[in-house]
Amino acid sequence: MGKSTSWEPIRQSYLPYGKQWIDEEDIEAVVEVLKGDYLTTGPDISKFEQAVAQYVGAKYAVAFSNGTAALHGACFAAGIGQGDEVITTPMTFAASANCVLYQGGIPVFADIDEKTYNIDPNKIEEKITNKTKAIIPVDFTGQPVELDRILEIARKHSLVVIEDAAHALGATYKGRKIGSISDMTMFSFHPVKHITSGEGGVITTNNEEYYEKLLQFRSHGITRDKEKLKEYHGPWYYEMQFLGYNYRMTDIQAALGTSQLKKIDQFIALRRKFVAMYNEVFKDVNEIITPFQHKDGDSSWHLYMIRLKLDKLTASRREIFEALQQQNIGVNVHYIPIHLQPYYQQLGYKKGMCPNAEKLYEEVITLPLFPAMSEEDVNDVIHAVKRTIAYYKK
Ligand SMILES: *Cc1c(COP(=O)(O)O)cnc(C)c1O
């Protein structure tokens with residue numbers, strides 16, 4: 001029992017928690033670019049941007065080298081600077097808060113709602129000061145945040161809402177696609193996300209001013225737009241008007257992204273089917289809590305997490321996690337709350353600041369979920385979870 005228990009694999013190969021799905025069409029799209037004239041700064045970038053904007057129902061999309069760079073761009077466009085406070089959730093990947101630090105701003109963590117695991121709008125209000133400039137809510141696991149409440153708070157206090165929707169491509173809130181609602185919305189195309197471009201990210205927005213700033217920021221702060229130039233020396237002339245970065249996406253990535261986006265609805269349908277299989281079985285397992293879904297949102301299910309009722313179990317989360325790993329089930333934990341990371345601790349953030357997130361972190365396990373898995377894979381996970389929980393239940 002306990003630490004000495006070793007588990008037989010439930011399957012031959014290790015099942016990862018997430019993985020891309022690349023088909024022949026994707027490969028052809030990339031090869032086309034490799035045979036063409038532009039590997040970067042070519043026409044595939046705007047094709048991809050237009051496809052993403054159209055899919056989410058936004059006016060503009062600006063592609064970046066990755067989602068983190070896109071968030072940095074959004075913080076710049078929102079005017080975040082030295083000492084400005086930006087409210088976000090601790091239950092997310094480090095990038096959601098790091099982008100604020102890049103601009104010299106101060107991330108302020110508001111605790112999560114116990115049921116949805118998303119940032120609690122009431123806690124956002126408590127954190128607002130005269131230095132607050134923006135809110136970065138995260139659609140955690142793919143479940144939309146309470147956007148109406150968050151936008152209402154933002155309007156009341158003149159704050160910009162930068163939605164981190166790295167998990168939520170294809171999700172809807174009150175029938176509207178995520179990406180069309182907040183001031184700016186970020187999507188990531190890392191291979192574990194809904195669609196991939198290898199590395200890649202995008203900001204969608206309906207605001208022309210943000211759009212122009214994002215374009216310039218991603219390419220050194222340089223413009224060739226005659227209407228924006230302060231001088232004009234001739235046809236070669238360009239101006240660097242502020243300090244930007246080289247955050248450009250390549251055409252190779254963009255072509256892959258465009259090809260992948262054609263399959264997004266199919267990808268999400270498969271995710272939903274596998275989630276339904278998990279829910280159907282796990283709802284009857286008394287020792288675990290399945291993901292609660294708010295009525296206003298329709299999740300696109302980036303992650304499926306189970307929450308352990310540790311008082312009904314004889315093992316710790318770690319023992320159960322390791323038991324599943326030994327059975328060849330690729331489990332994971334999302335996330336270590338950002339304010340507990342050593343770097344953030346050095347900055348002065350303290351354990352105890354966000355008790356709901358800290359408690360959740362101790363109790364969750366992410367199970368494999370990706371469109372390329374089979375029903376047999378899903379059943380392997382179900383079988384492994386059921387037998388592990390049955391073994392450790394009180
Ligand atoms: C993946 C992810 C990011 C960062 O995206 P990259 O493309 O990997 O830079 C940011 N926020 C969340 C919540 C993510 O899951």
Side-chain angles (χ1 to χ4, degrees), residues 16-20 48-49 52 61-76 86-103 107 109-110 112 116-119 134-145 150 161-171 178-179 182 184-204 214 217-218 245-250 252-254 256-257 260-261 271 297 299-305 332-339 341 344 357 360-361 364 366 369-370:
Y17 91 91
K19 195 188 161 190
Q20 71 276 14
F48 181 48
E49 290 171 337
V52 172
V62 180
F64 283 83
S65 47
N66 55 69
T68 306
L71 280 174
H72 185 188
C75 286
F76 172 82
V86 178
I87 299 170
T88 190
T89 170
M91 190 43 76
T92 180
F93 184 58
S96 313
N98 290 352
C99 59
V100 177
L101 295 177
Y102 298 157
Q103 284 299 107
F109 297 105
I112 57 168
T116 63
Y117 311 156
N118 271 329
I119 195 167
I135 308 169
I136 304 182
V138 180
D139 302 311
F140 184 57
T141 71
Q143 168 160 238
V145 289
I150 292 172
V161 176
I162 302 167
E163 190 177 350
D164 178 338
H167 298 183
L169 185 64
I178 292 301
S182 292
M184 288 179 265
T185 305
M186 184 279 283
F187 297 101
S188 163
F189 309 116
H190 180 279
V192 298
K193 307 289 162 70
H194 287 86
I195 63 164
T196 188
S197 60
E199 294 276 359
V202 80
I203 298 291
T204 61
L214 291 165
F217 184 78
R218 116 180 130 180
Y245 293 76
N246 180 353
Y247 278 167
R248 292 187 303 265
M249 178 181 269
T250 65
I252 306 167
Q253 292 165 297
L256 179 56
Q260 285 262 300
L261 188 61
R271 286 177 179 273
S299 178
S300 55
W301 290 104
H302 169 53
L303 301 174
Y304 187 91
M305 293 183 359
N332 210 322
V333 171
H334 295 90
Y335 287 94
I336 302 142
I338 302 179
H339 66 289
Q341 292 290 353
Y344 279 83
L360 181 69
Y361 165 60
V364 283
T366 303
L369 180 65
F370 53 100

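Numbering of ligands and ligand atoms starts at 1, following listing order. Note that this is a predicted model, so its numbers are computed, not measured. For this chain, numbers begin at 1 and follow the sequence in order.
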Partners of Phe189 by ring-ring contact (aromatic ring centres under 6.0 Å, His included), sequence neighbours excluded?
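For Phe189, the residues satisfying ring-ring contact (aromatic ring centres under 6.0 Å, His included) (neighbours in sequence not counted) are Phe48.
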Could you list the atoms of ligand 1 found under 4.0 angstrom from a heavy atom of [X]?
| X | value |
| --- | --- |
| Tyr335 | 15 (O) |
| Gly200 | 7 (O) |
| Thr92 | 13 (C) |
| Ser96 | 11 (N) |
| His167 | 13 (C), 14 (C), 15 (O) |

Starting from [atom], what is the nearest protein heavy atom, named by residue and atom, and what distance separates them?
| atom | value |
| --- | --- |
| atom 2 (C) of ligand 1 | Lys193 NZ, 2.7 Å |
| atom 9 (O) of ligand 1 | Thr68 OG1, 2.5 Å |
| atom 5 (O) of ligand 1 | Ser188 OG, 3.3 Å |

For Thr116, enumerate each residue passing the side chain to side chain contact (heavy atoms under 4.5 Å, CB included) test, keeping only those at least two apart in sequence or located in another chain.
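Result, side chain to side chain contact (heavy atoms under 4.5 Å, CB included) vs Thr116: Asp113, Asn118, Gln143, Phe292, His294.
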Out of Val202, Asp164, Thr196, indicate the one that has the non-hydrogen atom closest to atom 11 (N) of ligand 1.
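Comparing heavy atoms across Val202, Asp164, Thr196, the nearest one to atom 11 (N) of ligand 1 lies in Asp164.
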Step by step, work out the side-chain contact (heavy atoms from CB on, under 4.5 Å) result for Val192 and His302.
CA-CA 8 Å; Val192 298; His302 169 53; 4.1 Å; yes
N/O separation below 3.5 Å, Gly67 to ligand 1
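Yes; the residue has a nitrogen or oxygen that sits under 3.5 Å from a nitrogen or oxygen of the ligand.
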Using 30° and 60° as the class limits, which term best fits the ring planes of His72 and Tyr247: parallel, tilted or perpendicular?
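Geometry flag for Tyr247 against His72: perpendicular rings.
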